[in-house]
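Quick note: residue numbers are just sequence positions, from 1.
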Amino acid sequence: MASQEDIFKKVVSHCKEYGFIFQSSEIYDGLSAIYDYGQNGVELKNNIKNYWWKAMVQFNENIVGIDSAIFMHPKIWKASGHVDSFNDPMIDNKDSKKRYRADDLIENKIAQYENKGKTDKAKKLTDDLTKCLQESDLEGMYNLIVEHEIACPFSGTRNWTKVRQFNLMFGTQMGSDVEEAETIYLRPETAQGIFVNFLNVQKTGRMKIPFGIAQIGKAFRNEIIARQFIFRMREFEQMEMQFFVRPGEEMKWFEHWKNERLKWHLAMGLGESKYRFHVHEKLAHYANAAEDIQFEFPFGFKEMEGIHSRTNFDLNQHQQFSGKKLQYFDPELNQNYVPYVVETSVGLDRTFLAVMCASYKEEEIVNGDKTDVRVVLALPAFLAPVKVAILPLMKKDGLPEKARQIMDSLKQEYSCAYDEKDAIGKRYRRNDAIGTPFCITVDHQTLEDNTVTIRYRDSMQQERIPIDAIENIVREKLKVGVKEVKLVV
Ligand code: ATP
């Protein structure tokens, strides 16, 4: 059986081979941790975005969306705490010149202890690391690296620099006058664009608390180590929702959104056992509760979404730094207050990666005395880049024309692909590899009785159906059970 590492490598090369993801600037040897989405990738990504937008904005009367700018006033990042504390502890190996996140090196050591059954050592080191992180004790982290004889994976030496803080925000200059140019930042999260628009939306939308503002957009972080493909990128996309509530009610809403968000993930059908909650040991400066939804990637359980109770920290800070009131008048309480906020923040690219990893399958097919491997991307049907492939059996006798007619009627509703090249078996396989749930084959019988063959990707079963029935079958199978999902926490 292929190891998880092998499977991950296969997923990465499949993404490239079938036009899902390309390394950015590839012909110039690439740009580290930056990726481009190809012709199939962009469709899948848009479908995930739509699924999120529908579940958050369309299904909830009290949530509306915005699209705020990437550049914002530099004071915003001072107010939010990102200028002073959006840091990761970094350390360099003087021999290999490689840079690491100090906490990552220590966590790898903990995993090594665990793998060797040294649970006491692992526990002690976990406690020590947690203490250092809580107290931002850089020297303490350096001492742990020395004490536990952690070596650089490249040079194998322990010739380390001190641990330093590294700010993850990308800065650039705005304005043409060099002297007066101001440093502004590419946003490291989309949330602040929501906070600074809180009153604009509340007033113009006549929103009543509790209500939410949702946004999908790019975020940028100068990650020290960027690896595991699109799991950790320097330019990525977030789907965030800030839910504004009465002070004191935040824990109720925190539980509510934890459950709702888990349901959203489960409804994709990637497998219940692949998800778990992880409680944050170290709370960010703004939070009074925080949990992650983790997904089991081939490289282990890792964060996919954060659910944070952010108190009234952000709105308070923006009141203070802007000098403008950001309060809500609650008619039921007859009182003004700064609302509390519960945030749900999910990585679009990480969701994409989870979908790809869980869907990639290699199946052995026995055909007489021959065995063959079928690569199939068993994507949730509603997320597939192409929903229906229309395949005339031959390129003659009017079959292409008939196939085009079917395609024209279906493409108003569904993304379709027309393919007449190569043997039918090869065309089925090509569609399996990009996750197309339905293939429609048009043959000579179609011309006689208006029936076609529909082939289902997962079972490979084929059925003869009237052309008129295609749309109903496709519509039925593309339904997503957001509401039907049974909640398992
Ligand atoms: P991590 O601990 O993995 O660095 P984080 O806790 O800093 O993530 P948040 O600030 O909570 O992440 O961001 C919310 C979501 O944005 C994450 O759950 C993740 O899905 C996504 N995300 C964060 N950083 C990256 C990145 N560098 N590349 C891709 N997605 C990211």
Heavy-atom donor-acceptor pair, Glu250 side chain to Gly248 backbone, under 3.5 Å: yes

Spacing of Met407 atom CE and Gln405 atom CD [to the nearest 0.5 Å]: 13.0 Å

Would you kindly check if the NZ (Lys) or CZ (Arg) of Lys302 is within the cone defined by 45 degrees around the ring axis of Phe295 and under 6.0 Å from the six-membered ring centre? no

Report yes if the distance between the aromatic ring centroids of Phe211 and Phe243 is under 6.0 Å, otherwise no. no

Side chain to side chain contact (heavy atoms under 4.5 Å, CB included) evaluation trace for Lys477 with Phe438: CA-CA 10 Å; Lys477 295 253 161 62; Phe438 314 101; 3.4 Å; yes

Could you tell me whether the side chain of Asp88 and the main chain of Arg101 form a donor-acceptor pair under 3.5 Å? no

Is the gap between the ring centers of Tyr51 and Phe382 under 6.0 Å? yes

Treating Asn40 as the side-chain partner and Tyr18 as the backbone partner, does any N or O pair qualify as donor plus acceptor under 3.5 Å? yes

For the atom pair CE (Met304) and OG (Ser345), what is the distance rounded to the nearest 0.5 Å? 12.5 Å

So does Asp432 get a backbone contact from the side chain of Thr436, meaning a donor-acceptor N/O pair under 3.5 Å? no

Where the side chain of Tyr185 meets the backbone of Trp77, is there a donor-acceptor pair that is under 3.5 Å apart? no

Can you give me the closest heavy-atom contact between Arg234 and Ser32, atom names plus distance? NH1-OG, 3.0 Å

Salt bridge check: are Lys16 and Glu26 linked by an N-O gap of less than 4.0 Å? yes

Residues Arg475 and Glu471 bridged, charged N to O under 4.0 Å: yes

Side-chain ion pair, Arg310 and Glu343, N-O less than 4.0 Å: yes

Count the heavy atoms of every other residue, nucleotide or ligand shown that sit under 6.0 Å from NZ of Lys98, and state whether that count exceeds 12. no

Please report the shortest heavy-atom distance between Ala290 and His308, naming the atom on each side. CB-CD2, 3.6 Å

Smallest separation among heavy atoms of Met268 and Pro380, with atom names: O-CG, 3.4 Å

Would you verify whether the NZ or CZ of Arg276 falls within 45 degrees of the ring axis of Phe301 while also being under 6.0 Å from that six-membered ring's centre? yes

CD1 on Ile454 to CD1 on Ile470, rounded to 0.5 Å: 6.5 Å

Take atom CG of Asn367 as the centre, draw a 6.0 Å sphere, and report whether it contains more than 12 heavy atoms from other residues, nucleotides or ligands. no

Listed by chain and number, what are the ring pair (Phe, Tyr, Trp, His ring centres under 6.0 Å) partners of Phe86, not counting sequence neighbours? His82

Does this structure show an ion pair linking Lys426 with Glu420, if we count only N-O contacts that are shorter than 4.0 Å? no

Drop me the distance from Leu31's CG to Glu235's CD, to the nearest 0.5 angstrom. 9.5 Å

Intermediate values then yes/no, side chain to side chain contact (heavy atoms under 4.5 Å, CB included), Glu413 and Val474: CA-CA 10 Å; Glu413 258 324 286; Val474 172; over 6 Å; no

Expected output: side-chain Arg429 to main-chain Arg374 donor-acceptor under 3.5 Å: no

Report yes or no: does Gln215 contribute a side-chain atom to a donor-acceptor pair with the main-chain N or O of Ser68 at less than 3.5 Å? yes

Thinking salt bridges, do Arg430 and Asp422 make one under a 4.0 Å N-O criterion? yes

Before giving the answer on side chain to side chain donor-acceptor pair (under 3.5 Å), spell out for Asp449 and Gln445 the whole-Å C-alpha distance, their side-chain angles and the decisive distance to 0.1 Å. CA-CA 6 Å; Asp449 64 3; Gln445 195 183 328; 2.9 Å; yes

Charged N to carboxylate O under 4.0 angstrom, Glu476 versus Lys479? yes

Table please: side-chain donor-acceptor pairs of residues 55-66 below 3.5 Å, with sequence neighbours left out.
| from | atom 1 | to | atom 2 | distance (Å) |
| --- | --- | --- | --- | --- |
| Asn60 | ND2 | Ala55 | O | 3.0 |
| Asn60 | ND2 | Met56 | O | 3.0 |
| Asn62 | ND2 | Pro210 | O | 3.2 |

Taking all non-hydrogen atoms of both residues, which atom of Pro385 and which atom of Ile434 are closest, and how far apart? CD-O, 3.6 Å

Any donor-acceptor pair under 3.5 Å from Asn431 side chain to Arg427 backbone: yes

Candidate pair Ile307 and Arg261, rule side chain to side chain contact (heavy atoms under 4.5 Å, CB included), full reasoning: CA-CA 9 Å; Ile307 294 135; Arg261 294 304 306 145; 4.2 Å; yes

Do Asn259 and Trp257 make a side-chain contact, defined as non-hydrogen atoms from C-beta onward lying under 4.5 Å apart? no

Between Lys361 and Ala358, is there a donor-acceptor pair closer than 3.5 Å when you use the side chain of the first and the backbone of the second? yes

Taking only residues two or more places apart in sequence or in another chain, which ones pass ring pair (Phe, Tyr, Trp, His ring centres under 6.0 Å) with Phe299? Phe8, Phe231, Phe297

Begin from the C-alpha positions of Asp349 and Lys45 and carry the test side chain to side chain contact (heavy atoms under 4.5 Å, CB included) through to its verdict. CA-CA 8 Å; Asp349 313 271; Lys45 198 177 180 199; 4.1 Å; yes

Check the pair Tyr456, Glu463 against side chain to side chain donor-acceptor pair (under 3.5 Å), reporting the backbone distance first and the verdict last. CA-CA 9 Å; Tyr456 300 102; Glu463 254 184 291; 2.7 Å; yes

Whether Phe244 and Phe195 hold their rings parallel, tilted or perpendicular, with breakpoints at 30° and 60°: perpendicular

Check this for me: does any side-chain nitrogen of one of Glu260 and Lys263 sit under 4.0 Å from a carboxylate oxygen of the other? yes

Check step by step if ring pair (Phe, Tyr, Trp, His ring centres under 6.0 Å) holds for Tyr35 and Phe229. CA-CA 9 Å; Tyr35 292 91; Phe229 195 36; 5.1 Å; yes

Test item: side-chain donor near acceptor, Thr190 and Glu240, under 3.5 Å: yes

Lys49 atom NZ, neighbour heavy-atom count above 12 within 6.0 Å: yes

From Leu410 atom CG to Ser415 atom OG, the distance as rounded to the nearest 0.5 Å: 10.5 Å

On the ring face of Tyr418, is Lys411 found with NZ or CZ under 6.0 Å from the centre and within 45° of the axis? no

Check the pair Asn197 / Asn200 against side chain to side chain donor-acceptor pair (under 3.5 Å), numbers first and verdict last. CA-CA 5 Å; Asn197 277 301; Asn200 283 337; 3.0 Å; yes

Within the distance-only criterion (no hydrogens, no angle test), does the side chain of Arg246 pair as donor or acceptor with the backbone N or O of Ile209 below 3.5 angstrom? no

If we ignore angles and hydrogens, is there a donor and acceptor under 3.5 Å between the side chains of Glu305 and His265? yes

Aromatic Tyr414 / basic Lys387 pairing, under 6.0 angstrom, 45° off normal: no

Rounded to the nearest 0.5 Å, what's the gap from OG on Ser359 to NE2 on His14? Could you check? 9.5 Å

Geometric cation-pi criterion Arg455 and Tyr428, 6.0 Å radius, 45° cone: yes

Residues Arg464 and Asp443 bridged, charged N to O under 4.0 Å: yes

